[in-house]
Amino acid sequence: MMTSFFAGLLLAYAGMAALCLGMERHFKQVWQHLPSPGQRQALRLAGWALLAGSFAACVLAWGWAMGPVGWLGQVSLGGFLLLMLLPYWPRLAVLLPVFAAPWLGLVGVIQG
Amino acid sequence: MAIIAPAWWPVVCRILAAIVGGYAFTYACTAALARVLPLPAADAVWVASLPAFALYTLAMLWAFAARSLWRAWWGVALALPLGLLGFWPLLMERLA
Amino acid sequence: MKQTLTQSMAWLHTWGGLVFGWLLFAIFLTGTLAVFDKELDLWMRPEVPAQKVEQSQALQRALEYLQAKHPQAERWNISLPSERSPTLGVSAGNQRRGGGELLNPQTGEPLAVRETAGGGFFFRFHFTLNMPRTLGIWLVGLAAMAMLVALVSGIVIHKKIFKEFFTFRPGKGQRSWLDGHNASAVLLLPFHLMITYTGLVIFLLIYMPAAVDALYGDREAFGRALRGAPVEQQAGRGGEQGARHERAERPRAAPAPLAALGPLLAEAEQQMGPLAGLSIDHPGRSDARIEVRPILGNRIELTKGRSMLFDGVNGAVLRAPAESRPSQLTQRVMAGLHFAQFGGYPMRWLYFLCGLVSSAMIASGLVLFCVKRRRKYASEAPAARRVSHLIEALNLAAVAGLSLACIGLLWANRLLPVELAQRAAWEVNAFFAVWLLSLLHALWRPTLRGWGEQLGLSALLCMALPLLSLLTLPEPWAQPLHQALELTSLALGMALAGLAWRVYRRQEAAPPLPRRGAVMQEAL
C-alpha cells in the first residue's frame with residue numbers, strides 16, 4: 001500500500017508539473033525561452049497521462065471507493081507543493097519527480 | 001475591484017434576505033421536493049434534503065446579486081407556494 | 001446598490017469572508033488537528049504504557065478485571081486497543097462513555113492516568129466552539145454556509161482561474177497575498193467544497209428538517225419510522241435499547257457461563273473489519289448478549305452504531321451488521337468523507353495537510369483584507385482608522401493567537417500538576433486564557449511586531465515540545481506515536497518560525513506603520 005501511495009503522490013506531482021510546463025508563462029519561467037507548440041502539446045499530454053497513472057496508483061492503494069478521494073487529495077497537494085517551490089527554485093521544482101523516483105524505488109524494494 | 005460600502009440599510013435588507021429569506025426558500029423547496037419525489041418517504045427525506053445546502057448557497061448569492069432589493073425578496077416570495085405544495089396534506093389535516 | 005455581478009460578489013466575498021473568516025479559521029484549524037485526535041489523546045495521557053498487546057489478550061485482562069470488580073453489573077463495556085490507540089478501557093453500567101477506567105492491557109491493573117481535556121477537545125471545539133451544543137452547532141453551520149458562499153462568490157470574481165492556476169509571485173506585497181489566496185483556493189477547491197458540504201451533511205436533518213416535517217409531521221415519528229422498518233435493519237440501537245428495557249423488568253435469569261469470546265470476535269472481525277470494542281449485557285447469566293462494534297473507518301460510510309449482536313451463552317449470531325439503504329448510505333458516505341476515518345494513516349495525512357492548506361487559505365484572505373486597506377490608512381478618517389486597527393488586531397488574534405492557544409493546550413497538559421482537581425477544565429481554561437492574552441497583545445502591539453512575536457512564540461513552543469516531554473516525563477519518548485507527534489510539532493514549528501522570520505524581515509524593510517497609540521491619540 002505504501003508503495004502505491006507514494007507512487008500516486010509522485011505521479012500526481014509530476015503530472016501537475018508537466019501541465020504547468022505546458023503553459024507558456026511557466027515554461028518561460030523555468031527554461032527562459034518559449035516552448036514550441038509541439039512541446040506544449042506533448043507536455044500537456046504527458047501531464048494528463050501522469051495524472052491518470054496517479055489515479056491508477058491510488059486505486060491500487062485504496063480500492064475503487066476510497067482511491068478517487070485520495071487521488072483528488074494527492075493532485076491538489078502536489079499542485080500546491082509545486083506552487084510553493086516554483087518561484088523559489090523553478091528547475092528543482094519541475095525536476096523534483098526525477099530526483100524522487102529512485103527513492104520511491106527504494107521504498108518499493110523495502111516494502112517488497 | 002473597489003470595495004463599495006453602501007449605506008447600511010439596503011445592506012441589512014440584503015443580509016436578511018440572504019440568511020432568513022434564503023433559509024425560508026430552501027426549507028419550502030426541500031419540503032416540496034420531498035413531497036413530489038416518487039420515492040418511499042424514508043428515501044425521499046434523504047434525497048430531498050441532501051441538495052439543500054447547494055440550494056441555500058444559490059439563494060444567498062441571488063439575494064446579493066439581484067439588481068434591486070425587490071428582486072432579492074421576490075425569490076423569497078416563492079417560498080409560499082412551494083411550502084404549500086410541501087405541507088398541504090398536513091394543512092388539510094389541521095383544518096379538517 | 002447599482003453594481004455589476006462581479007462587484008456585488010466581490011463585496012460579498014470581502015465582507016462575508018472577513019466576518020466569518022475568524023470563525024472559519026478556528027473551525028478549520030481545530031478540525032485539522034482533530035484529524036489526529038486519538039494520537040493527541042494518547043500524547044496527553046503519557047501514563048499509558050507503550051507496549052502493543054494483542055486484542056484477545058487485552059480482552060482477557062478486561063474480563064478478569066470486570067469479573068473481579070463488577071460481577072453484578074447489568075452491562076460491561078470494553079474498548080479494545082487498536083492501531084491508533086493502544087488503550088484498554090472498561091466500564092460497568094449503562095453508559096458507554098465516561099465513568100470508565102483505563103487498564104494496563106498487559107497486566108490488567110488500573111492505570112493512574114492524568115485527567116486531561118485530550119484530543120477530544122479539538123474535535124468538540126471544531127463543531128461546537130466549546131459552546132452549548134445546539135448553539136455551537138448552528139453557529140458552525142452558519143459559518144460553513146458562509147464558506148460555501150465565499151467559495152462560489154470567489155470563483156465568480158476570479159477571472160483567470162486557469163491562466164493563473166500555478167501563479168505565485170512572492171515578495172510583491174498585495175499581489176503575492178492575492179496569488180497565494182487564489183492559487184491555494186483553486187488548487188484545493190475539491191477539498192474545500194467537499195469538506196464544507198460534507199460537514200453540513202453530518203447534521204443534515206438538524207439544519208434542514210423540512211423534508212421530515214413535511215412527510216412525517218414531527219421528528220420523533222421519522223426516528224421511529226427509521227428504526228421500525230424491518231427491511232432497513234436500522235433496529236440497531238433504538239430497538240436494542242427498547243428490548244433491553246423489557247429485559248430489565250423481567251426477573252433475573254439463571255446464571256450461565258459466558259461464551260468463549262475468541263471465535264466470536266474472529267467472526268465479527270471477518271464480517272466488519274478491525275474491531276473497536278464490545279459490550280456485554282447481563283454477563284454470567286443465561287440471557288447474556290454480546291454486542292461487538294468495529295472501528296470507524298473500515299469503509300468510507302460513517303458506521304457509527306454499526307454492530308453485531310451475539311448470544312452470550314451459545315455464541316449464536318442474533319443480528320448481523322446492518323446495511324444502510326442507498327439513500328441513507330449517500331448521507332453516511334458524505335459524513336464519512338468528512339470524518340476521514342477510512343484509508344489508514346496515508347489518507348489521514350492527506351486530510352491533515354489539505355486542512356492546513358485550507359486554514360492557510362482562509363488566513364491569507366484575512367491578511368489580504370488588511371493589506372488592501374493598509375494603503376489607505378493615511379487618508380482615512382480617524383473612526384475608520386480605528387476600525388481598521390481593530391480588524392488588524394482581531395486578525396492577528398484569530399490566526400496567530402489561536403495557533404498559540406492550541407500549542408498552549410499541549411503545554412498546559414504537561415505543566416499543570418497531575419493531581420490538580422478539575423484538571424481537564426483547567427487545561428481548557430489555559431487554552432482560552434492564552435487566546436485572550438493574544439488578543440490583548442494584538443491590541444497593544446503594532447501590527448507587524450505583534451505578528452512576528454506571536455508567530456515566533458508559537459514556533460518556539462512547537463519546536464520545544466519534545467524538550468518539554470524530556471523535562472516532565474520519566475520515559476519521554478517510549479511511545480512511537482509520541483515521537484511521531486512531536487516530530488510533526490517540530491516541523492510545524494519550523495514552518496511557523498520561517499513565517500515569523502519573514503514577518504521580522506518585512507518589518508525591518510518596510511516603513512513603519514502608524515503606531516496604534518499614535519492613532520488613538522489622533523482619534524481622541
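No hydrogens, no waters, no symmetry mates; every other heavy atom, side chains included, goes into these values. Being a predicted model, the structure only gives us computed values, none of them experimental. Numbered from 1 within each chain, the chains take letters A, B, ... in sequence-line order.
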Asks: Could you state the interatomic distance from CG (Leu77(A)) to CG (Leu187(C)), rounded to the nearest 0.5 Å?
Replies: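 Spacing of CG (Leu77(A)) from CG (Leu187(C)) equals 9.5 Å.
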Asks: Between chain C and each of Met16(A), Met1(A), Met84(A), Met2(A), count heavy-atom pairs under 4.5 Å; write down the option with the most.
Replies: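 Option with the top pair count is Met16(A).
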Asks: Determine, step by step, whether Phe80(A) and Leu356(C) satisfy the side-chain contact (heavy atoms from CB on, under 4.5 Å) criterion, reporting the C-alpha distance in whole Å, the side-chain angles of both residues, the deciding distance to 0.1 Å, and the verdict.
Replies: CA-CA 12 Å; Phe80(A) 185 76; Leu356(C) 282 183; over 6 Å; no
Asks: Name the region of Leu83(A), side chain, backbone, both or neither, that has any atom closer than 4.5 Å to a heavy atom of chain C.
Replies: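 Looking at Leu83(A), backbone and side chain both touch chain C.
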Asks: Please classify the contact between Phe191(C) and chain A as side chain, backbone, both or neither, with a heavy-atom cut-off of under 4.5 Å.
Replies: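 Neither part.
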Asks: With a 4.5 Å cut-off on heavy-atom pairs, point out which of Ala61(A), Ala65(A), Gly78(A), Cys20(A) contacts chain C the most.
Replies: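 Greatest number of close heavy-atom pairs with chain C: Cys20(A).
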Asks: Rounded to the nearest 0.5 Å, how far apart are CZ of Phe166(C) and CG of Leu19(A)?
Replies: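 So the gap between those two atoms works out to 6.0 Å.
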Asks: Side chain, backbone, both or neither: which part of Pro346(C) has a non-hydrogen atom closer than 4.5 Å to chain A?
Replies: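 Both parts, backbone and side chain.
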Asks: Who passes side chain to side chain contact (heavy atoms under 4.5 Å, CB included) against Leu189(C), sequence neighbours left out?
Replies: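 For Leu189(C), the residues satisfying side chain to side chain contact (heavy atoms under 4.5 Å, CB included) (neighbours in sequence not counted) are Leu151(C), Ile155(C), Leu193(C).
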Asks: Which side chain or backbone donor-acceptor pairs connect chain C with chain A at less than 3.5 Å?
Replies:
{"from": "Thr167(C)", "atom 1": "OG1", "to": "Arg25(A)", "atom 2": "NH1", "distance (Å)": "2.8"}
{"from": "Leu187(C)", "atom 1": "O", "to": "Ser76(A)", "atom 2": "OG", "distance (Å)": "2.9"}
{"from": "Gly343(C)", "atom 1": "O", "to": "Trp62(A)", "atom 2": "NE1", "distance (Å)": "3.0"}

Asks: Should Leu86(A) and Phe168(C) be marked as a side-chain contact (heavy atoms from CB on, under 4.5 Å) after you check the CA-CA gap, both sets of side-chain angles, and the distance that decides it?
Replies: CA-CA 8 Å; Leu86(A) 200 58; Phe168(C) 177 47; over 6 Å; no
Asks: Look at Gly180(C), Gly343(C), Gly344(C), Pro190(C) and state which one has the largest set of heavy-atom pairs under 4.5 Å with chain A.
Replies: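 Ranked by contacts with chain A, first place is Gly343(C).
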Asks: With a 4.5 angstrom heavy-atom cut-off, is it the side chain or the backbone of Met23(A) that approaches chain C, or both, or neither?
Replies: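 Side chain only.
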Asks: Ignoring hydrogens, what is the shortest heavy-atom contact between Val69(A) and Phe342(C)? Give both atom names and the distance.
Replies: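 Looks like CG1-CZ, 4.0 Å.
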